[in-house]
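Presented below is the structure to which this report refers.
The structure presented is a predicted model; accordingly, all values stated were derived computationally and were not measured. Read the numbers this way: they start at 1 and go in the same order the structure lists the ligands and their atoms. Nothing fancy with the numbering, it's 1 onward along the sequence.
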Amino acid sequence: MIDLAVIGGGPAGLTAGLYATRGGIKNVVLFEKGLPGGAIASSSEIENYPGVEEVKSGMEFMEPWNRQCFRFGLTHQMDEILKVRKENEKFVLKTYDKEIEAKNVIVCTGSTPKKAGFKGEDKFYGKGVSNCATCDGFFYKDKEVAVVGGGDTALEEALYLSNIASKVYLLHRRNEFRAAPSTIEKVKNNNKIELILNIHIEEIFGDETGVNGIKYKDKNDNISTLSVPGVFIFVGMNINHDILKQDDGSFICEINKKGEVVVDLKMRTTLKGLYACGDIREDASRQVVCAAGDGATAAIEIINSLH
Ligand SMILES: Cc1cc2nc3c(=O)[nH]c(=O)nc-3n(C[C@H](O)[C@H](O)[C@H](O)COP(=O)(O)OP(=O)(O)OC[C@H]3O[C@@H](n4cnc5c(N)ncnc54)[C@H](O)[C@@H]3O)c2cc1C
């Protein structure tokens, strides 16, 4: 039986594996369906990880993590975990062709932004289209940007961007927002945010250098264009929690309304021995540095629980 199974090899899982093995846990296996690295590996640049001054591509940035995190005995098993269930005192991890037993499990399978489906969204992803204001907002310092969405995240990210950009156009297909009243109030009172409501996005357009603007249609079918180099899309997140779903449709531990795994400050879920770290967990900041911190916290907690 494995002492510790870490599921997902992004910043959270790799850091959990590093801390667990360096902290003396013997048999720690990282289950990652692809190559370790996680979501950041798909990013063209990262420049907000403290201590790494150079601006690097996500791939380059994760390279030393892969070397360092496996230095103390962590092993990588390239497998997709389909389900985690608990049997008596142990966990059972199901893959396509086998079942693996583990004493403790840290789930770090991350989350994936939902796509809006506009023309140009995929073409310009990473070249002006983004799902993360904290990651990419700075590239639009003193420039105009568009934010698409009408929920809490869209409004919060619009507020964040208003501190950096010269102007934020907030485009929403409905007339009203589905967000906390206090956030809506802040957005409405922010003179750098212009609301464009009741519209339908037609396309995000640009050229080989990136996004040049966004085209939308109002309720009278009039087409308008905004010339912006950046479009931030926030139409929801898919939380990668399916492996925690049991045969009867219930979850093995508590999941909140947004689908995020509920944890305490030690990254413990509501089920003993099961931890969740990084973008999958409740109230995650969705940043590499935060995911790494979660991984370290969970591993330290497991080490302490063994004494
Ligand atoms: C384009 C882009 C740009 C970004 N820019 C920045 C930035 O500049 N700065 C910053 O701090 N953050 C940035 N982020 C956010 C950052 O990448 C995430 O916050 C971080 O990667 C979360 O780490 P994680 O370990 O929780 O999950 P992830 O990095 O998402 O890793 C999850 C891993 O789990 C694996 N996995 C999923 N399901 C299974 C399964 N069933 N079995 C086995 N393996 C599985 C996946 O393959 C993946 O490797 C960016 C994200 C993206 C997409």
Next on the checklist: Test side chain to side chain contact (heavy atoms under 4.5 Å, CB included) on C135 and E45; report intermediate values, then the result.
Outcome noted: CA-CA 9 Å; C135 310; E45 43 190 22; over 6 Å; no

For ligand 1, which atoms, with element, lie under 4.0 Å from some heavy atom of [X]?
X	answer
R286	15 (C), 19 (O)
G8	33 (C), 34 (O), 35 (C)
G10	25 (O), 29 (O), 31 (O), 33 (C)
G9	33 (C), 34 (O)
G278	26 (O)
C135	4 (C), 5 (N), 6 (C), 7 (C), 8 (O), 12 (N), 13 (C), 14 (N), 50 (C)
V288	10 (C), 11 (O), 12 (N), 16 (C), 19 (O)
P11	21 (O), 23 (O), 25 (O), 29 (O)

Any carboxylate oxygen within less than 4.0 angstrom of a Lys/Arg side-chain nitrogen, looking at [X] and [Y]?
X	Y	value
K103	D3	yes
E99	K94	no
E121	K123	no
D247	R85	no

Checklist entry - Can you say whether the rings of F234 and F232 are parallel (under 30°), tilted (30 to 60°) or perpendicular (over 60°)? => result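 Parallel, since the angle between the ring planes stays under 30°.
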
Checklist entry - Which word best sums up how the rings of H76 and F70 line up, parallel for under 30°, tilted for 30 to 60°, or perpendicular for over 60°? => result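 Tilted: the ring planes of H76 and F70 meet at 30° to 60°.
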
Just by distance, do the side chain of [X] and the backbone of [Y] share a donor-acceptor pair under 3.5 Å?
X	Y	value
S57	S44	no
D279	S111	no
N131	I233	yes
K192	A165	yes

Ligand 1 to [X] polar contact by distance, N or O atoms, under 3.5 Å:
X	value
I7	no
S42	no
D136	no
A12	yes
S111	no
I46	no

Checklist entry - Judged by modelled atom types alone, do D136 and S130 share a side-chain donor-acceptor pair under 3.5 Å? => result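 On atom types as modelled, these side chains qualify, holding a pair under 3.5 Å.
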
Item to check | From CA spacing to verdict: salt bridge (Lys or Arg N to Asp or Glu O under 4.0 Å), K83, D242 | outcome: CA-CA 7 Å; K83 200 200 310 176; D242 281 357; over 6 Å; no

Students should be able to answer this: which protein heavy-atom is nearest to [atom], and at what distance?
atom	value
atom 27 (O) of ligand 1	G110 CA, 3.6 Å
atom 42 (N) of ligand 1	I81 N, 3.0 Å
atom 10 (C) of ligand 1	Q287 OE1, 3.3 Å
atom 36 (N) of ligand 1	K33 CE, 3.9 Å
atom 48 (C) of ligand 1	E32 OE1, 3.4 Å
atom 2 (C) of ligand 1	S43 CB, 3.8 Å
atom 17 (O) of ligand 1	I40 N, 3.3 Å

Checklist entry - Does at least one non-hydrogen atom of C132 fall below 4.0 angstrom from an atom of ligand 1? => result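 C132 does not count as a contact of ligand 1 under the 4.0 Å cut-off.
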
Item to check | Sub-4.0 Å heavy-atom approach of Y125 to ligand 1 | outcome: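 Judged by the 4.0 Å heavy-atom criterion, Y125 does count as contacting ligand 1.
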
Checklist entry - salt bridge (charged side-chain N to carboxylate O under 4.0 Å, His left out) with K257: which residues, sequence neighbours excluded? => result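 Salt bridge (charged side-chain N to carboxylate O under 4.0 Å, His left out) check on K257 returns nothing, list empty.
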
Next on the checklist: Considering T109, T134, I280 one by one, which has a heavy atom nearer to atom 38 (N) of ligand 1 than any of the others?
Outcome noted: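 Answer by nearest heavy atom: T109.
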
Checklist entry - So which of A291, G38, C108, A276 gets nearest to atom 32 (C) of ligand 1, if we judge by its closest heavy atom? => result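 Shortest heavy-atom distance from atom 32 (C) of ligand 1: C108.
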
Proximity of [X] to ligand 1 by residue part, where a heavy atom lies under 4.0 Å:
X	result
D79	backbone
A39	both
F61	neither
N48	side chain
D279	both

Checklist entry - Going through the checks in order, is the side chain to side chain donor-acceptor pair (under 3.5 Å) test met by N222 and S224? => result CA-CA 7 Å; N222 297 319; S224 303; over 6 Å; no

Item to check | Heavy-atom check, side chain of Q77 versus side chain of I100, under 4.5 Å | outcome: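 A side-chain contact exists here, since the closest heavy-atom pair is under 4.5 Å.
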
Checklist entry - Does a side-chain heavy-atom distance below 4.5 Å link I223 with Y216? => result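 Result no, sub-4.5 Å side-chain heavy-atom pair not found.
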
